[in-house]
2 protein chains.
Amino acid sequence: MARLSYREQVLRLREDAIVQAVNRLLATKGYDLMTVDEVAAEAGIAKASLYKHFTSKEELAGAAMVRVLDRALAFVDGLRAGPPAAALDQLKAVARWAMETQLQGDMPSLPAQNSTLSASLQANEAYMDRLFDLSNKLGIWITGAQTDGSLNPALPAELVLYTLFARACDPVLGLLKSSGQYTNEQILDWLITTCFDGLGAPVPRSGSRMKAG
Amino acid sequence: MARLSYREQVLRLREDAIVQAVNRLLATKGYDLMTVDEVAAEAGIAKASLYKHFTSKEELAGAAMVRVLDRALAFVDGLRAGPPAAALDQLKAVARWAMETQLQGDMPSLPAQNSTLSASLQANEAYMDRLFDLSNKLGIWITGAQTDGSLNPALPAELVLYTLFARACDPVLGLLKSSGQYTNEQILDWLITTCFDGLGAPVPRSGSRMKAG
DNA sequence: GTCTATACACAGATAGAC
DNA sequence: GTCTATCTGTGTATAGAC
């Protein structure tokens, strides 16, 4: 890759600041309530200048999603390069990373309902590529865990994938945090539990015998 | 209760039509994308007339939430009046009812983030009363199920309640439905499973012995 | 109470000077 | 590329006749 000129590096930094602002605003207010004026103000730049970098609000959202998907992929690739582990544990690690990101107010979340936004995202190659890549890598672990019996094989892999994505933005996290009664670690542990083991009572997974009833 | 005059009955019917329109629009487009013009058009009424019945968009949302909470309470009261059943099964029945409602496009969902909307709802007595009532009735079953060991007693009851509310609007449902590959019954069964038993492999709850894993 | 027509505010996007 | 100033569309809410 060619070395960037000084001017290009400055450009990159500014765009990074913009996307970071978008990311934070998407995490706190959501897409509809986020205004381009706010983004410009947060990035310390005039709105018209912002539109030289990104041609629409939807493109801003796309850039924020690309950013978070890149982070997720980096985390996943780190796991893959690390010591071997059970597929289920890898999935739990990814889920925990996503929830931590949300707790830190760094997980952008978009409305699934806005049709023009969805269309814009599906036309966004950078976004679609990363989404595809991440889905595939998670898919390997999902089918692996279903094969070794640690994930319910009766569930479609697609459902598991959707559920993991959904839990990354689970509003329950924000509700528990705002109640102020629990530590972040408690919240994370509980949500990982309810995601993988459900609300039901824990059952010993080996060796011990249950009472009937 | 006093009998309503003919004129009052007509009024009631019209307001019912309005709230029903709001309900459907909130379920499909969400609060921010729903416009008062659409509501008026759907209800077959002029916008100015609509504002004679409800003084703001937020009040419209409140009325829709009151409507769905009333339906939920009616369902819960039906269960309480019916044959005795395990607390866990009652909770599952309520969760399934909520998911069915969502599947039918009849579950309004509001953004948790919009601060002015939240404030308006918290000032809405009719809404708060019903929310309180429903939470209490569900709370009885939750603590009951935790006591009899069918729900994980390590989880705060508050977390269980939030999770049930959140699953009533779970976006996973819409994603699976739009994939078009599954029947509504399959989707409901799977989501009830993942909610109460998690994504993990099912474990026999009594009598049989597991292999060590 | 219902309508048509309109006021008002605000957000997305642009023009044009520097 | 950055800025100030502005255009344009749209959405909530209201005025005023009937």
Side-chain angles (χ1 to χ4, degrees), chain A residues 4-19 21-22 25-26 28-64 110-111 113-121 123-124, chain B residues 4-19 21-22 25-26 28-64 110-111 113-121 123-124:
Chain A
L4 296 175
S5 72
Y6 173 74
R7 199 163 280 268
E8 280 165 335
Q9 287 186 44
V10 171
L11 193 84
R12 228 19 110 74
L13 281 179
R14 177 140 296 186
E15 295 194 344
D16 244 41
I18 295 172
V19 176
V22 172
L25 287 168
L26 281 184
T28 55
K29 318 188 65 168
Y31 181 78
D32 294 312
L33 267 60
M34 176 186 86
T35 69
V36 179
D37 292 80
E38 283 173 325
V39 176
E42 185 109 357
I45 199 180
K47 184 161 61 165
S49 309
L50 193 157
Y51 272 98
K52 298 281 183 183
H53 295 274
F54 301 91
T55 66
S56 72
K57 183 182 178 183
E58 287 167 356
E59 199 177 307
L60 283 175
L110 301 180
Q113 305 165 323
N114 185 329
S115 56
T116 76
L117 179 56
S118 311
S120 157
L121 280 178
N124 185 330
Chain B
L4 296 175
S5 73
Y6 172 76
R7 198 163 281 271
E8 280 165 334
Q9 287 185 43
V10 170
L11 194 84
R12 230 18 111 74
L13 282 177
R14 176 138 301 184
E15 295 193 344
D16 244 40
I18 295 172
V19 177
V22 172
L25 287 168
L26 281 185
T28 56
K29 318 187 66 167
Y31 181 79
D32 294 312
L33 267 58
M34 175 186 86
T35 71
V36 179
D37 293 80
E38 283 173 325
V39 177
E42 186 111 357
I45 199 181
K47 184 162 59 169
S49 309
L50 194 156
Y51 272 98
K52 297 282 183 183
H53 295 274
F54 301 90
T55 67
S56 70
K57 182 181 178 184
E58 286 167 357
E59 198 177 307
L60 283 175
L110 301 179
Q113 306 164 322
N114 186 328
S115 55
T116 77
L117 178 57
S118 311
S120 156
L121 281 178
N124 185 331

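To find a chain, count down the sequence lines: A is the first, B the second, and so on, and within it residues start at 1. Hydrogens, waters and symmetry mates are skipped; everything else that's a heavy atom, side chains included, is used.
- Candidate nucleotides D/dT12, C/dA13, C/dA11 were compared by shortest atom distance to the side chain of A/Ser56, and C/dA13 ranks first.
- When distances run from any side-chain atom of B/Val36 to the nucleotides C/dA13, D/dG1, D/dT12, the shortest one goes to D/dT12.
- Nucleotide C/dT14 holds its P atom 16 Å from the CZ atom of A/Phe54, rounded to whole Å.
- One can place NZ of A/Lys29 at 13 Å from P of C/dC10, the figure rounded to the nearest angstrom.
- When the side-chain nitrogen and oxygen atoms of B/Lys52 are compared with OP1 and OP2 of C/dG1, none of them lie within a distance under 4.0 Å.
- Rounding to whole angstrom units, NZ of residue B/Lys47 and P of C/dT4 are separated by 12 Å.
- The base of D/dG11 is not paired with the side chain of B/Lys57 by any donor and acceptor separated by under 3.5 Å.
- Residue B/Tyr51 places at least one side-chain N or O under 4.0 Å from the OP1 or OP2 atom of D/dA13.
- B/Asp37 places its CG atom 13 Å from the C1' atom of C/dA5, with the value rounded to the nearest Å.
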Tell me, with the steps shown, if B/Ser5 and B/Glu8 meet side chain to side chain donor-acceptor pair (under 3.5 Å).
CA-CA 5 Å; B/Ser5 73; B/Glu8 280 165 334; 3.3 Å; yes

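- B/Lys29 contributes no side-chain N or O that, together with a main-chain N or O of B/Thr35, makes up a donor-acceptor pair within less than 3.5 Å.
- In terms of position along DNA chain C, the nucleotide closest to A/Met34 lies nearer the 5' end than the nucleotide closest to the other residue of the pair A/Ala48 and A/Met34.
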Is there a side chain to side chain contact (heavy atoms under 4.5 Å, CB included) between A/Val19 and A/Phe54? Walk through the geometry before answering.
CA-CA 10 Å; A/Val19 176; A/Phe54 301 91; 3.8 Å; yes

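- A straight line from CZ of A/Arg12 to C1' of D/dG1 spans 16 Å, rounded to a whole angstrom.
- Within the 4.0 Å cut-off from OP1 or OP2 of D/dT2, at least one side-chain nitrogen or oxygen of A/Arg14 is found.
- Across the protein-nucleic acid pair, B/Glu59 atom CD and D/dT12 atom P stand 15 Å apart, rounded to whole Å.
- The side chain of A/Ser49 places an N or O atom within less than 4.0 Å of a non-bridging phosphate oxygen (OP1 or OP2) of D/dC3.
- Put simply, NE2 on A/His53 is 16 Å from P on C/dA13, counting in whole angstrom units.
- A donor-acceptor distance shorter than 3.5 angstrom exists from the side chain of B/Ser118 to the backbone of B/Asn114, with no hydrogens or angles considered.
- Spacing between atom CG of B/Leu13 and atom P of C/dG1 amounts to 13 Å, rounded to whole angstrom units.
- Note that CG of B/Leu110 and CG of B/Leu117 are 5.5 Å apart. Values are rounded to the nearest 0.5 Å.
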